[in-house]
Amino acid sequence: MKRYAVFQFLFNILLFCTVGHLSLCHAQAVSAVDSSVPAAHSDRLALIRERGAIIIGVKTDYAPYGMLNNAGAPVGFEHDLAEDIATRLGVKLRKVSVTGSNRLQKLQDGTVDLVLATTGDTAERRKIATMIEPGYYASGVTLFMRPDAPIKNWTDTRSKPVCATQGSYFNRAMQQRYLMDLQMYNNDRDAKLAVKDGRCIGYLFDDTAVNNDLASPEWRGYKAPLPATLNTPWSIAISMKEKGTEFEQLLGDIVADWHRSGFLQEKEKSWGIPPSKFLSQTDALWQKMDDDGQPYCRRMRDGQWRAECRNQVFLTSADVGGLAQLGLWLNEATGINLTPVYDSFDRAQFLHGLVVSVFLTFLCIVCSLLFGWIGAVCGESGVFLLAPLARCGATLGRMTPPLLSIYLIFFGLGSVLSKAWGISLPAFAVVVGCLSIYTGAGVMTAILEAAAAYRLQHPDFQLRFTNAWQLARLASGSVTASLINVSKATMMASVIAVPELLSATTTIIAERGNVGVMMNILLLVFLALVFVVVRTLRYLEQKMLVKVA
Amino acid sequence: MGAHEMFGQLLTWTPYLLGGFALNILISLVAMLIGTGIGWTLAALRLSAHPRRVRVSLILTEFSRSIPTIVFQFYLAFMLPAEILLPFSKTIINFPVWIKASLALAIAVIGFTSDNLTIAMDQWKKGNHNAAFLFIPSWTSYALIIVMASSTASIIGVSELLSRCNTVINATGDTQLMLPIYLYACLFFFCFCYPLTMLMKKISRTLAKSLLPKN
């Protein structure tokens, strides 16, 4: 959308000050510290050294991360990582096969020293194990679909049947965020067959597993085009007791080195895994250098990594400064997650939505007035064809729901135009046009009725462009009411992906899950917006009436 | 696609689309009933002798005028649970999404009823019964506006006319059907609204004429 470019630019300048200020706050909060921080002694590490071997829990049912090869030997991406840990510690490696349900149990009872088994770093797991930061890989949720499925983005799944497997950590969040109709299956085989038979539009699952299915000949042509969401880093897990020890620190340093040296991307490539966005982004972050030649991601005075390099979900207010500190503190204290206040990305998105909504409202009001005025003069003109056409147009305009006319013009007419001449209609203009035609028809009817009433006293009155002001007193009430209504209808623009306030809000909800907070903010902001529009219009109305009188 | 084939398609899907339109009317009727009920109470309060009651009613009316129904629809869709377990019993009340749409639209009706019924009730008290009856045609005209606004329920996933048009387009996989089917939907709205609008205009004109000799 080129027309947004200028707009976006101005907006960015406006935003720059706030964001710039924030990063200053960060800089103060995290002053440079020596990277060698003394940590507590680890019994487990001492045991490993004495034993001369490390016992690592790995998966054998999650190809290609952990699986059995043709000879029945356990291999995979994570097995290579386990190998590297043993080498670095200078001990032998003993692998123990674990599953998704028993991996943390084996850690607690001491059967294994650490678990390296596709374990997502979630809040629940942090209560029962120590998760090593940074994560070494990540997975998100995607939708596995039939080749002919029409779903283009996550919001298309609203109230559609979607298959899922019971017990996945993301089911609830996805249902709340996208209002999808989840159909729970017991295992992923059934869920995939349901997709095959068309009983649901797709199967909601880990993108790493889905990508593996897509590569198999059985599912040729199937697809998962939606961007993975609810992305969760995979972490090495050690026992709860080892929190803050040299063992935790050592493992953290090893994973950091994997990111810095590109070891993980190399292994990913050698196992034929499609390049993950998480790895390329995380590697770049960990390879970044500060001005003083030290790594940007390094341990701070408390032994923790710099806040920006940690798993953002688990930051607490003590780890950051400025507005972010205030926002996180509020979230910890009350559970109110005001991301548009403290998160610069959400704030930018929300403010951008607000600016688009205000602009949309303004244009709709101006165009509606213009259409109504021109339409009324044409309708009164008595000119052959023009007058009846204008009147018919107003009747049709008033009896077509604006949302329907947006679909009619943007999709219906748009598909014909693009097929015949390769023209694509700009969404913003279509919304302004459709809303203004609907409202303009109302304005026009109000002016025509006022003209009829005025003629009762002034029989020779003939409406022209120049003398419309004579009707101001009679028409202004219902014209203002129409204009207030159009300012309440601008959110319709979200259906054809105009990035206004409603769509900005639903996007933030989709990423953050703070449904309650965002919905309340949206309602309050819109109430304020409508209030301002009402006051402004009433003020202008009064001014005009005084002038006319 | 020939014209013959296109009309064939439209005819095949007509019962399905009509079912969707029936839902539009149902949503609007429920919204009008709820909104009129609450609006009536507010109007009665506005005519009360206690200044405090009048002020409360005015504030509530102002609110219901300012809340954008589309946002409120989203608000209810996200915030109201799909079903509610009644306390002290095992009864589960279902909250289908179309009721949420009705509730959201009812907000706008409250403001309308509160404003217009206050005038009508005032006239009735003064004995101008015909002037009070003018409320009926303007109520019906407002109901038609609500019928058109009910198409926004498609955004929260109600299977009404507009969303059924989209379903048909997806089911047939025929993008050439888009323009005709949306136009067909426009025709539904027009055929429903035009005769009623004309009728209400006639009624209000007759009522207005009957008022003239008195004045």
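To the nearest 0.5 Å, atoms CG (L161(B)) and CG (L23(B)) are separated by 10.0 Å. Rounded to the nearest 0.5 angstrom, F133(B) CZ and I203(B) CD1 are separated by 11.5 Å. For the atom pair CG of L60(B) and OG1 of T41(B), the computed distance is 10.5 Å after rounding to the nearest 0.5 Å. For the atom pair T14(B) OG1 and F7(B) CZ, the distance stands at 11.0 Å (nearest 0.5 Å). Taking CG of L105(B) as the start and CG of L29(B) as the end, the distance is 12.0 Å to the nearest 0.5 Å.
Every pair passing ring pair (Phe, Tyr, Trp, His ring centres under 6.0 Å) that includes a residue from residues 15-39 of chain B is listed here, sequence neighbours excluded: W13(B)-Y16(B), F21(B)-F188(B), F21(B)-F189(B), F21(B)-F192(B).
Both the backbone and the side chain of L404(A) come within contact range of chain B, with heavy atoms under 4.5 Å apart. At a 4.5 Å heavy-atom cutoff, the contact between L183(B) and chain A is made by backbone and side-chain atoms alike. Contact annotation for I67(B): both backbone and side-chain heavy atoms come within less than 4.5 Å of a heavy atom of chain A.
Chosen from C165(B), A149(B), C193(B), the residue pairing most often with chain A at heavy-atom distances under 4.5 Å is C193(B).
Between L187(B) and C191(B) there is a side-chain heavy-atom pair separated by less than 4.5 Å. Side chains of I181(B) and L10(B) form a contact here, defined as non-hydrogen atoms less than 4.5 Å apart.
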Compile a table of inter-chain donor-acceptor pairs under 3.5 Å between chain B and chain A, counting both main-chain and side-chain atoms.
{"unit_1": "R65(B)", "atom_1": "O", "unit_2": "K488(A)", "atom_2": "NZ", "d": "2.4"}
{"unit_1": "Y75(B)", "atom_1": "OH", "unit_2": "N520(A)", "atom_2": "OD1", "d": "2.5"}
{"unit_1": "I155(B)", "atom_1": "O", "unit_2": "R158(A)", "atom_2": "NH1", "d": "2.6"}

